[in-house]
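Below is one structure, written out as structure tokens, with a few remarks after it.
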Amino acid sequence: MENERQQLLEKLLKLENIVRKNPCGMSDITYKALNAGLSALIGKEFHTDMSLEQVARYFGVTTRTINIWQHKYNFPKGKQIGHHELSFSAEEVLEWQETHKSVFD
């Protein structure tokens with residue numbers, strides 16, 4: 001598992017370098033097509049939503065702490081998927097973590 005993760009990260013870093021430097025002279029149309037393809041792949045093939053319990057486990061805190069962060073630090077509210085069940089976008093959770101580093105100091 002760790003080996004596959006490392007290989008994926010290496011490939012993504014190479015792709016990032018190619019996109020940033022554009023040594024192949026890719027056009028805007030090519031970038032648009034790549035972006036659409038990656039968006040479709042991520043949206044259809046990868047599960048990028050997290051339950052409240054998964055979010056708490058990721059941060060190593062209780063679900064109650066996540067509720068407190070929602071009120072105190074503008075943590076994402078999540079979307080209602082059941083009567084008492086929430087779903088959080090992994091992307092939004094990571095963005096929040098990046099912009100609220102002081103919570104973890």
Side-chain angles (χ1 to χ4, degrees):
M1 172 87 164
E2 188 59 36
N3 189 34
E4 287 82 8
R5 182 182 295 184
Q6 186 60 39
Q7 288 176 359
L8 177 60
L9 284 171
E10 288 171 7
K11 288 176 182 165
L12 289 171
L13 289 172
K14 287 178 184 177
L15 180 59
E16 178 187 22
N17 196 28
I18 289 170
V19 169
R20 286 187 188 280
K21 295 181 179 179
N22 194 14
C24 305
M26 292 185 284
S27 68
D28 287 344
I29 294 170
T30 302
Y31 281 121
K32 185 176 183 178
L34 284 171
N35 191 24
L38 287 171
S39 295
L41 177 65
I42 289 169
K44 292 180 182 175
E45 298 296 326
F46 295 105
H47 178 72
T48 59
D49 289 336
M50 304 168 71
S51 69
L52 179 60
E53 290 77 16
Q54 288 174 315
V55 172
R57 201 168 32 252
Y58 171 74
F59 287 113
V61 300
T62 65
T63 56
R64 177 77 180 123
T65 299
I66 300 299
N67 295 135
I68 292 168
W69 288 354
Q70 286 176 320
H71 296 289
K72 192 172 180 181
Y73 300 112
N74 201 29
F75 191 85
K77 298 296 182 204
K79 62 183 173 190
Q80 198 79 33
I81 59 170
H83 184 63
H84 291 290
E85 200 170 341
L86 291 174
S87 176
F88 296 86
S89 160
E91 187 175 352
E92 287 180 8
V93 169
L94 294 174
E95 286 174 8
W96 179 88
Q97 181 182 24
E98 185 65 29
T99 59
H100 291 81
K101 291 179 181 179
S102 62
V103 172
F104 306 100
D105 291 341

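No hydrogens, no waters, no symmetry mates; every other heavy atom, side chains included, goes into these values.
- Nearest heavy atoms, I66 versus L52: CG2-CD1, 3.5 Å.
- To the nearest 0.5 Å, the span separating OG1 on T65 from NZ on K72 amounts to 11.0 Å.
- Separating the CG atom in L8 from the CG atom in L15 is a distance of 10.5 Å, to the nearest 0.5 Å.
- Contact check for Q80 versus L86: side-chain heavy atoms found under the 4.5 Å cut-off.
- Note that CD of E2 is 9.0 Å distant from CD of E4, once rounded to the nearest 0.5 Å.
- Hydrophobic clustering, with ILVMFWY side chains joined whenever heavy atoms are under 4.5 angstrom apart, groups Y58 together with V61.
- In this structure, the separation between CD on E98 and CD on E95 is 9.5 Å, given to the nearest 0.5 Å.
- Between F75 and V93 there is a side-chain heavy-atom pair separated by less than 4.5 Å.
- If you take CG on D105 and NE2 on H100, they are separated by 12.5 Å, rounding to the nearest 0.5 Å.
- Under the 4.5 Å side-chain heavy-atom criterion for ILVMFWY residues, a single connected hydrophobic cluster contains both V55 and F104.
- Considering all non-hydrogen atoms of both residues, H71 and K77 come closest at N-NZ, 4.3 Å.
- Between W96 and V103, the closest side-chain pair of non-hydrogen atoms falls below 4.5 Å.
- Separation of atoms CD (E91) and CG (D49) is listed at 11.0 Å; rounding is to 0.5 Å.
- Nearest heavy atoms, A56 versus T63: CB-N, 3.8 Å.
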Problem set entry | Stepwise side-chain contact (heavy atoms from CB on, under 4.5 Å) check, F59 with Q97 | CA-CA 9 Å; F59 287 113; Q97 181 182 24; 3.7 Å; yes
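- In the displayed structure, D28 atom CG is contacted under 6.0 Å by at most 12 heavy atoms of other residues, nucleotides or ligands.
- Across I18 and M26, no two heavy atoms sit closer than the pair CG2-CE, 3.8 Å.
- Within a 6.0 Å sphere centred on CD of Q70, heavy atoms belonging to other residues, nucleotides or ligands number more than 12.
- In this structure, R64 and N67 have side chains that are in contact, with non-hydrogen atoms separated by less than 4.5 Å.
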